[in-house]
Every structure is written in C-alpha cells, then in structure tokens.
Q: 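So that we are looking at the same thing, I have put the structure below in structure tokens.
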Amino acid sequence: TPTAAMGLLLQEESRPELEAELLKIRQYVDMVLNYLRLGSSSTDYVLRPCPLDPLLRQAARKYARMFILKKISLDFRETGRTVLTDEKWLAFVVEQLLSNALKYTPEGGVIRVYGDGDTLVIADSGIGIREEDIPRVFEKGFTGFNGREDKKSTGIGLYLCRQICGQLGHTIHAASEPGRGTIITIGLARPYLEVE
C-alpha cells in the first residue's frame with residue numbers, strides 16, 4: 001500500500017530518480033514474497049503454452065525508466081517462440097535478470113535479449129563476473145566480488161532464478177568475463193513436464 005501511494009504521488013509530479021528508486025523497492029518486496037512462496041508446498045505453478053515475446057516486452061517496459069536514466073540501450077530481437085511454462089514465474093526470472101544486467105552495466109552500455117533455438121539469452125556489456133565466482137553465482141546468499149565491492153547484491157536474486165527454473169523444468173547458466181559483460185542463458189526445452 002505505501003508503494004502504491006508513492007506511485008500515485010509520483011504520477012502528479014514526475015521525478016524520474018524517485019520513480020527508479022520506487023521500482024527498486026517494489027522489486028525487493030517482490031523478491032522477498034517470491035522467496036517465501038517458493039518454499040511453500042502450495043506454490044501456484046500453472047503450466048501452459050506462453051508466447052515468449054509479449055512476456056519479454058512487458059519485462060523491458062517495466063524497466064524502461066532505468067534504461068533511460070542509465071542511458072543503456074536495449075537490443076531486443078523477437079523470438080517468435082511459444083514456451084510451455086508458468087508465465088508469472090518466468091516473467092519474474094526475466095525481470096530479475098534484466099534488473100541485474102541494468103545494475104552492473106555502466107552508462108552507455110547495451111543489454112541484448114534474444115532467442116537461440118530452445119534458449120533465451122540475456123547478455124550485457126557490464127562489468128562481468130570473476131571466473132572464480134561463476135560456479136557459485138546461483139547459490140543462496142552468495143554475492144561474489146561485485147556484490148561486496150558495490151554493496152548492491154542480496155545474494156538472493158539469482159538463487160531464486162535457479163530455483164524457479166528448476167521447478168519449471170528450465171535450465172539457467174551464466175558465462176562471463178570481467179570487463180566484457182555477462183551472458184545468462186535459460187534453456188526452455190521441457191523434456192519431462194506436461195501441460196496441466
């Protein structure tokens with residue numbers, strides 16, 4: 001309720017920096033709520049065919065203000081794919097990955113979102129991840145060198161992404177090189193789950 005009230009107040013007087021901070025607050029609240037839901041036995045996964053491009057466009061629109069404020073370009077290439085997944089939970093994963101890319105990409109950088117066969121790719125031209133941190137980036141609470149250095153990381157976001165992808169029958173993988181960016185791939189092939 002307080003964040004909704006702040007959103008209404010900001011509609012009356014445009015303050016882009018405050019709008020960006022409000023978006024971050026909402027994201028952290030969503031992250032906590034999803035963390036709590038993930039551990040519940042009644043998590044509401046609804047698997048059905050989902051057109052991927054509208055989901056990706058919606059996630060990009062959510063962060064449009066951040067792209068503009070940081071002067072980061074978005075290179076979005078339509079996939080033309082329909083995926084068997086839970087739209088709400090996959091949208092959370094995509095939003096989390098875009099948020100991370102925005103957080104660690106300096107002004108003037110580029111974030112690319114595209115499909116490659118059965119894989120969704122989110123790549124950035126950001127600061128990258130140290131080689132020794134890559135194997136642990138999906139661990140609960142792990143922040144790595146960048147998270148400690150910039151004090152921007154909770155160590156929960158990528159952990160949630162991996163847990164959700166696992167529940168949905170998707171895979172997630174990170175590849176990176178310091179100073180050259182990070183590439184996150186989500187394998188969307190679903191060999192063992194069926195439509196409900």
Side-chain angles (χ1 to χ4, degrees), residues 27 31 34-35 38 50 52-53 55-60 62-63 66-67 70-86 89-193:
Q27 181 190 359
M31 193 182 307
N34 284 322
Y35 177 75
L38 200 60
C50 167
L52 189 56
D53 293 330
L55 183 150
L56 297 173
R57 279 194 294 275
Q58 178 183 340
K62 180 174 181 176
Y63 290 98
M66 298 295 287
F67 277 98
K70 289 191 75 177
K71 298 178 176 71
I72 293 175
S73 300
L74 173 65
D75 177 6
F76 169 61
R77 299 180 210 154
E78 294 205 355
T79 66
R81 292 283 318 272
T82 296
V83 179
L84 183 59
T85 194
D86 181 295
W89 286 97
L90 183 59
F92 173 81
V93 170
V94 170
E95 289 171 8
Q96 179 61 46
L97 296 175
L98 280 178
S99 173
N100 280 4
L102 283 162
K103 188 186 304 183
Y104 294 111
T105 299
E107 186 173 303
V110 177
I111 295 173
R112 297 181 300 131
V113 179
Y114 59 95
D116 184 11
D118 285 333
T119 303
L120 173 65
V121 180
I122 298 177
D124 65 59
S125 62
I127 61 175
I129 303 168
R130 288 182 166 190
E131 184 179 353
E132 60 269 24
D133 288 345
I134 291 282
R136 299 192 58 204
V137 293
F138 295 105
E139 290 180 11
K140 180 178 171 183
F142 182 75
T143 58
F145 176 80
N146 293 338
R148 287 188 302 277
E149 186 76 7
D150 296 331
K151 298 172 185 62
K152 295 179 180 179
S153 178
T154 62
I156 297 296
L158 289 178
Y159 165 76
L160 286 174
C161 289
R162 169 154 288 166
Q163 295 303 308
I164 291 166
C165 284
Q167 294 292 326
L168 296 176
H170 305 320
T171 60
I172 187 166
H173 177 74
S176 187
E177 189 176 329
R180 304 212 43 191
T182 300
I183 299 171
I184 303 288
T185 54
I186 301 174
L188 299 171
R190 309 250 348 261
Y192 60 88
L193 295 177

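Since the structure is predicted, the reported quantities are computational estimates derived from the model, not experimental observations.
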Q: Do L188 and T85 have side chains that get closer than 4.5 Å, going by heavy atoms?
A: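 The answer is no; the side chains never approach within 4.5 Å.
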
Q: Among D75, L120, V94, which residue satisfies the side chain to side chain contact (heavy atoms under 4.5 Å, CB included) criterion with V113?
A: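 So, applying the side chain to side chain contact (heavy atoms under 4.5 Å, CB included) to V113 and each of D75, L120, V94, only L120 qualifies.
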
Q: I'd like to know whether CD of E131 has more than 12 heavy-atom contacts from other residues, nucleotides or ligands below 6.0 angstrom.
A: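 For E131, atom CD is not crowded (no more than 12 foreign heavy atoms under 6.0 Å).
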
Q: Considering only residues two or more places apart or on different chains, which pairs with a residue in residues 105-122 satisfy salt bridge (Lys or Arg N to Asp or Glu O under 4.0 Å)?
A: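 Sorted pair list: R81-D118.
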
Q: Which heavy atom in I156 sits nearest to a heavy atom in G141, and how many Å separate them?
A: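 I156 and G141 have their closest heavy atoms at CD1-N, 4.4 Å.
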
Q: Report the residues that fulfil side chain to side chain contact (heavy atoms under 4.5 Å, CB included) with D53, sequence neighbours left out, ordered by chain and then residue number.
A: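 Once residues adjacent in sequence are excluded, the partners of D53 under the side chain to side chain contact (heavy atoms under 4.5 Å, CB included) criterion are L56, R57, F76, E78, T79.
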
Q: Considering non-hydrogen atoms only, spot the tightest contact between Y63 and S99 and give its length.
A: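 Looks like OH-CB, 3.7 Å.
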
Q: Going from CG on L74 to CE on M66, what distance comes out if it is rounded to the nearest 0.5 angstrom?
A: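 Spacing of CG (L74) from CE (M66) equals 14.0 Å.
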
Q: Between D124 and Y104, does a side chain to side chain contact (heavy atoms under 4.5 Å, CB included) hold up when you go through it step by step?
A: CA-CA 9 Å; D124 65 59; Y104 294 111; 5.7 Å; no

Q: Would you compute the distance between atom CG of L52 and atom CG of L90 and round it to the nearest 0.5 angstrom?
A: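 Spacing of CG (L52) from CG (L90) equals 6.5 Å.
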
Q: Can you confirm whether L158 sits close enough to L97 that some side-chain heavy atom of one is under 4.5 Å from a side-chain heavy atom of the other?
A: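 Yes, close enough: below the 4.5 Å cut-off.
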
Q: Taking only residues two or more places apart in sequence or in another chain, which ones pass side chain to side chain donor-acceptor pair (under 3.5 Å) with Q163?
A: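 Not a single residue meets the side chain to side chain donor-acceptor pair (under 3.5 Å) criterion with Q163.
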
Q: Test of understanding: with side chain to side chain donor-acceptor pair (under 3.5 Å), list the residues that count as partners of T119, not counting sequence neighbours.
A: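 Side chain to side chain donor-acceptor pair (under 3.5 Å) check on T119 returns nothing, list empty.
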
Q: I'd like to check V83 versus H170 (side-chain heavy atoms, cut-off strictly below 4.5 Å). Are they in contact?
A: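 Yes, their side chains come closer than 4.5 Å.
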
Q: Check the pair V93, L168 against side chain to side chain contact (heavy atoms under 4.5 Å, CB included), reporting the backbone distance first and the verdict last.
A: CA-CA 11 Å; V93 170; L168 296 176; 5.7 Å; no

Q: Would you compute the distance between atom SG of C165 and atom CH2 of W89 and round it to the nearest 0.5 angstrom?
A: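 It comes to 11.5 Å.
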
Q: Taking only residues two or more places apart in sequence, or in another chain, which ones meet R162 in a side chain to side chain contact (heavy atoms under 4.5 Å, CB included)?
A: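 Scan of R162 (side chain to side chain contact (heavy atoms under 4.5 Å, CB included), adjacent residues dropped) gives F138, I172.
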
Q: Taking only residues two or more places apart in sequence or in another chain, which ones pass side chain to side chain donor-acceptor pair (under 3.5 Å) with N100?
A: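 With neighbours one apart ignored, the set is Q96.
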
Q: Return the CD1 to CD1 distance between I111 and I72, rounded to the nearest 0.5 Å.
A: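 Separation between the atoms: 5.0 Å.
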
Q: Pairs under 3.5 angstrom only: tabulate donor-acceptor contacts from the side chains of residues 174-186 to other protein residues two or more places apart or in another chain.
A:
unit_1	atom_1	unit_2	atom_2	d
S176	OG	I129	N	2.7
S176	OG	G181	O	2.8
S176	OG	T182	OG1	2.9

Q: Does S125 have any side chain to side chain contact (heavy atoms under 4.5 Å, CB included) partners at least two apart in sequence or in another chain, and if so, which?
A: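 Applying side chain to side chain contact (heavy atoms under 4.5 Å, CB included) to S125 gives T105, V110.
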
Q: If you apply the rule side chain to side chain contact (heavy atoms under 4.5 Å, CB included), what do you find for C50 with L55, and how did you get there?
A: CA-CA 8 Å; C50 167; L55 183 150; 4.0 Å; yes

Q: Sequence neighbours excluded, which residues qualify as side chain to side chain contact (heavy atoms under 4.5 Å, CB included) partners of E139?
A: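 Testing E139 for side chain to side chain contact (heavy atoms under 4.5 Å, CB included), a comparison that skips the adjacent residues, returns R136, F142.
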
